[in-house]
Structure formats: C-alpha cells, structure tokens
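Residue numbering restarts at 1 for every chain, and letters A, B, ... go by the order of the sequence lines.
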Protein chains: 2
Amino acid sequence: MTPIHHYHNDDKVMVAVDCIIFGFDSEGLKILLIKRGFEPEKGKWSLMGGFLKKEENLDQAADRVLKKLTGISNIYMEQLRSYSKVDRDPVERTISVSYFALINKDDHDIDLTKEYDAQWFNLKELPQTIFDHPEMIERALNVLRRKAVTYPLGFELLPEKFTMRQLQDLYECILGQELDKRNFINKVNSLDILIKLNEKDKSTSKKGAFLYKFDVEKYQAKSHEGFSLKIA
Amino acid sequence: MTPIHHYHNDDKVMVAVDCIIFGFDSEGLKILLIKRGFEPEKGKWSLMGGFLKKEENLDQAADRVLKKLTGISNIYMEQLRSYSKVDRDPVERTISVSYFALINKDDHDIDLTKEYDAQWFNLKELPQTIFDHPEMIERALNVLRRKAVTYPLGFELLPEKFTMRQLQDLYECILGQELDKRNFINKVNSLDILIKLNEKDKSTSKKGAFLYKFDVEKYQAKSHEGFSLKIA
DNA sequence: CCAAAAGTGTTTATGATACACCCATGA
DNA sequence: TCATGGGTGTATCATAAACACTTTTGG
C-alpha cells in the first residue's frame, strides 16, 4: 500500500483558538465579548480569538490571545472542542479550538481598561456573534452546567468571605434555576468544606447573614477524591 | 489598538486526525492499531491517523482516514480533543484531533483484509504506540467508561438477539469490573427497552439462556429523554 | 410594629447495594 | 447424578426532594 500522505504543505491550514469567558458577579452570569478588530466582520461582536503560532501549543495560544485582547491573564481555561466547517471563516480555511473559563468578574475587571473593546453581556441578552461563535457559546454553557453539578465550582468565584445566599445565588445563576434554600444548605454543609465565621454581613438584611469561608485543606483533600455537589 | 493578526501563512500548520477504535466481541474489549506506513516511526504501531484536507471538515477527515487505513466505514465517531504539543510530531508542527468509536468487532472484521496492517489488541496488552498516542488512548478510554454508565451503549454492539449474560459481559468489559448479576438484570429490566424472546441460546449452558432483543421504539423514545444506566 | 431576609429539621420517596438459593439439562 | 451456568427477590441504606415556620432588627 502507498502511504496516505507525505508531509507537504498543500494542506496546511490556519488554526485558531476562541476563548469563552463566563464571568460571575453580584448581578449574575455574564459572558465576555469583544468588538472584532480586523476584517472580515470587523466591528462585530466576537469571542476572543486569534491564531496559533508555530512555537506554542493551543493552551498557550489561548492564554496569549485572551491576555492580548482583554488583559486577563492567569486564569485556568479548559479546552473544549474543535470547529472545522470548511467555510466557517470566509477568508481562509481555518479550524478553531474553543477554550472556556469561569471567573470572578470583579477580580478581573481591572484588566478591562478602555484599551480593550471587550464588554460583558448578560447571557440572556447576547448580541449576534460572528461565524460559529453562537454554537461554541452554547456548547460551552452546557459543559459549564454539567461541571457545576459534578464538581464544586464556585468557591474561586466568590469573595474570600461570603454568605450562604451568595453561594446559592451563584449556583442558581449557573444552573439557570431556583434551588431550595434548606436543601442547598444541607447539601453544602454535608460536604464539610466551609468554615462558618463569627462575622455577619449586614448589607442585605437587618438581621445579617453569617459569613463563611472556604476550608482550603478540606476542599483540596476531598476534591481529588472527586465529590459531587448535585443540587436540584 | 492594532489587529492581533492579519491572515497570513506564516503560522499555518498541519492538522491531523487520529482515530481510536474500540472493538467488542466475545473475547472482550480490544483496540485497533496499524503499522504506520510512512516515516517517521514507520513500522511502529499507531492509531489510524492522517491529515486534514482543505476541502473537508474534521469529521469527514476522520471517516476518510479510517476507511483508507482499515476499510471500516459507516461508523459513528465522536470528536474528543486536540493535541498540540509543539514537538509532538518530530517532522513538522502538527496538531492532531482525536476521534473515537466503539464498534462490534465482528461486524467489521470483514473489512480488515490482508490489505491493511491493522490489528486488534487486547487493552491490557497494548504495544508501544508512537507520539502522544498512549495519552490519546487513555483519555478515550475514560470517556468511553463515562459514556457507558451515562448512556446505554452496547446495544449496537451485540448481535440482534443476545442473552443477558452477553449484555452483562459487555458492560463488565467496558467498565473493567465485575457486576452483580441480579442488580444488573433488575436495572436493565427497569429501563424497559428489551423484549424477551421465546428462544434460548444453548451454546453456553445446558439449561439455555433466554434471548432478548432490543425494543427499538422504546429505546429511541427514551434515549432523547436521556436515561442513565448507572450500574455498579 | 412590621417588612424583609436569615435560619432551621423532618418526612417521604427513590434508587443503590448487598446478598443466597433453586432450576434445568446434557454429559 | 452432578457440574454448569441460568434465573430469581428482599432487606437495608444512602441520597434526593418536598415542605413552613420562627428569628432578628433597622426603619
């Protein structure tokens, strides 16, 4: 039999990464988009994307692109999937690998200076996005929701001290549904990864709500056993 | 701000697909490998891989490559993940997207004529494979196991009529662990997707075991509700 | 004194697990 | 008659889900 291919250049293509950044803050779950700075579709809303360079791997490309376009760095993004429709980019054959992360919006808003045309959008009020970005976003959101129930996301997303209500709000935002307060608290307590503090946050009620912090040791000890925070 | 990139060719790279084919038959779970037909690493065992062409998408490339190297066609493969270490292919910068499928080995053995240097290997006796193929295989196996408990794989993998024991063997192979016979049967029956036939298979015992077939309508009705076959 | 959010337990239902004996038959 | 695999049911436990009233306090 003949070899399928030698290595030649005829079939080289551009490889891109697109970063899907979900952000959480007191207002809810948002997604970050930029005004695309080059043709085609210049000026339209887009995920943060750019091309893979020869001397870097995809993870590195995603980090670099995100930082260049938004200033955000040092976050953990996860590779999701490749998109390869032949005509997905009208200029030239390009495949794109999507990455996603969920971050605390407030921790990174400093980065989003005027220098960048990046903007947070409420998930329910997304503008039109270019190419196959709507599909990328939808798939990422599914993965995010699946992860949220399988694995205790969220602790990195809250301030160091937080109330049960804030934690519950986080889960409700991500899952897009309301949860029973008592069941939620029971579940979280059964995981035994929070420390109840002797302080109260009075900003949202007259009675005040106890603050909790996250027991890093217990959390880490348990997280590789893989515990599930299935909440409904 | 300046655009991050114009479209130029400096950073074009080769894009490959690698197919991970798990096969099930009466002997158990196997994986298909080929003797690589071109340099580098010619003659070593490898996943079925080849390069993406400009006029096809990744799914199509995976189908084409698999057919060319093994004769196997018309199977559903699922995209898994991109591998992009800079030096993963020593000849030239190449990223690879892995695909996987689980098939009934007997249904496709016809295809594997002498023409192909493809061979099934028992999962526990894998030979050394090239590049990052060991990692691809390991990840694919994890996905396969996760899918097996979440979603009733396996019905496509058995002959039209099969015994409970065969179905249980299938799951035990995939999960790599023994299951309790009674619990397994109870669970499967509770799904209500099998039809018990009035025939027995006497090939493995004197008493004979009832044959079942798969109730296609019920199966399909339920499968988009998404039912789980969690078995331990 | 009252509105608004915080806090708190129990019951029920469902699914998971563990477990052991009789049956039918061909050799 | 006996060895071999086939077939069957129950009790227990853990987890999920549903559910409502009292507490606190600033205004």
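Between the base of dA16(C) and the side chain of Asn183(B) there is no donor-acceptor pair shorter than 3.5 Å.
Look at CD on Gln177(A): it is 13 Å from C1' on dA17(D), rounded to the nearest Å. Per the geometry, OH belonging to Tyr212(A) stands 11 Å off P belonging to dA6(C), to the nearest Å. Leu167(B) places its CG atom 13 Å from the P atom of dG6(D), with the value rounded to the nearest Å. The interatomic distance linking Lys187(B) (NZ) with dT8(D) (C1') rounds to 19 Å, in whole Å. Remark: C1' of dT24(D) and CG of Asp201(A) are 15 Å apart, rounded to the nearest angstrom. Protein atom CZ of Arg182(B) is 14 Å distant from nucleotide atom C1' of dA16(C), rounded to whole Å. Rounded to an integer number of Å, the gap from CG of Leu179(B) to P of dG6(D) is 15 Å. If you take CD of Gln166(B) and P of dG6(D), they are 10 Å apart, rounded to a whole angstrom.
Each of dA6(C), dG5(D), dC19(C) was ranked by its minimum atom distance to the side chain of Ser205(B); first place goes to dG5(D). Candidate nucleotides dT8(C), dA5(C), dC19(C) were compared by shortest atom distance to the side chain of Asp180(B), and dC19(C) ranks first. Closest to the Ala209(A) side chain, of the nucleotides dG7(C), dA20(D), dT8(D), is dG7(C). The side chain of Asn186(A) lies closest to dT10(C), out of dA5(C), dT10(C), dG7(D). The side chain of Lys207(B) has dG7(D) as its nearest neighbour among dG7(D), dG26(D), dA5(C).
Comparing Gly208(B) and Ile185(A), the nucleotide of DNA chain C nearest to each residue sits closer to the 5' end for Ile185(A). Take the nearest nucleotide of DNA chain C for Lys206(A) and for Met164(A): the residue whose nucleotide is more 5' is Lys206(A).
Residue Lys181(A) is classed as a base contact, given a heavy-atom separation below 4.0 Å to a base. Within 4.0 Å (heavy atoms only), Lys200(B) reaches no atom of the nucleic acid at all.
The minimum heavy-atom distance linking Phe24(A) with Leu158(A) is given by the pair CE2-CD2, 3.9 Å.
Looking only at atom types and distance, the side chain of Thr163(B) has no donor-acceptor partner in the side chain of Asp201(B) under 3.5 Å away.
Between Arg165(B) and dG6(D) there is a side-chain polar atom (N or O) within less than 4.0 angstrom of OP1 or OP2. Taking only side-chain nitrogens and oxygens, Lys202(A) comes nearer than 4.0 Å to OP1 or OP2 of dG26(D).
The closest donor-acceptor contact from the side chain of Gln79(B) to the backbone of Ser82(A) lies under 3.5 Å.
Relative to the ring axis of Tyr212(A), Lys196(A) does not place its NZ or CZ within 45° and under 6.0 Å from the centre.
Salt-bridge annotation for Glu78(A) and Lys147(A): present, with a side-chain N of the basic residue lying under 4.0 Å from a carboxylate O of the acidic one.
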